[in-house]
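Worksheet for the structure shown next.
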Amino acid sequence: MPRMIVAVLLVSACFVLGCAKLQFSNGQNNMIETEADYTDCYSKASLGAFTPPYPEDSASTINSESQACMESRGYQAEHVCLK
């Protein structure tokens, strides 16, 4: 019985993690332009997170700042499950 619970929890975690991926779109840019914008936003967020004073949780800071940057550029974030 405990093995079954562990197996169910592991499978559930895989589904949750697979559906947590953000995809950005604004209906105007193609995939290459969107990737370039995201790379720019992620780079700026990383630079800010790894410059003193360091944030408490750098990964969370990078994610939230890069998402805010993409939204300021007119993109909408959508959760997409991996297929």
Side-chain angles (χ1 to χ4, degrees):
M1 185 67 174
R3 289 182 185 172
M4 181 62 100
I5 293 172
V6 170
V8 168
L9 289 175
L10 288 175
V11 170
S12 299
C14 289
F15 282 120
V16 168
L17 292 175
C19 293
K21 183 179 179 185
L22 283 178
Q23 178 176 337
F24 293 96
S25 66
N26 69 354
Q28 298 172 353
N29 294 350
N30 61 25
M31 176 91 67
I32 294 170
E33 292 169 336
T34 303
E35 287 178 1
D37 283 343
Y38 184 76
T39 301
D40 185 47
C41 287
Y42 190 87
S43 297
K44 289 178 182 178
S46 295
L47 182 61
F50 295 118
T51 303
Y54 302 109
E56 191 75 24
D57 183 12
S58 61
S60 176
T61 301
I62 292 170
N63 288 336
S64 62
E65 287 184 10
S66 59
Q67 183 175 352
C69 175
M70 289 295 283
E71 289 173 356
S72 72
R73 294 180 183 203
Y75 289 93
Q76 295 176 349
E78 301 171 357
H79 286 284
V80 176
C81 292
L82 299 175
K83 295 179 181 176

Shortest non-hydrogen contact from Q67 toward A77: NE2-CB, 3.8 Å
Donor-acceptor contact present, side-chain S64 to main-chain T61, <3.5 Å: yes
Point-to-point distance, once rounded to the nearest 0.5 Å, from CD of E35 to CG of N30: 9.0 Å
Heavy-atom pair with the smallest gap, counting every atom of A49 and P55: O-CD, 3.1 Å
F24 side chain reached by D37 side chain, heavy atoms, under 4.5 Å: no
Q76 atom CD: more than 12 heavy-atom contacts under 6.0 Å: no
D40 and R73, any side-chain heavy atoms less than 4.5 Å apart: yes
Side chains of S25 and Y75 in contact at under 4.5 Å (non-hydrogen atoms): no
Verify same cluster id: Y38, L47 (apolar side-chain graph, 4.5 Å): no
E65 (side chain) donor-acceptor with I62 (main chain) under 3.5 angstrom: no
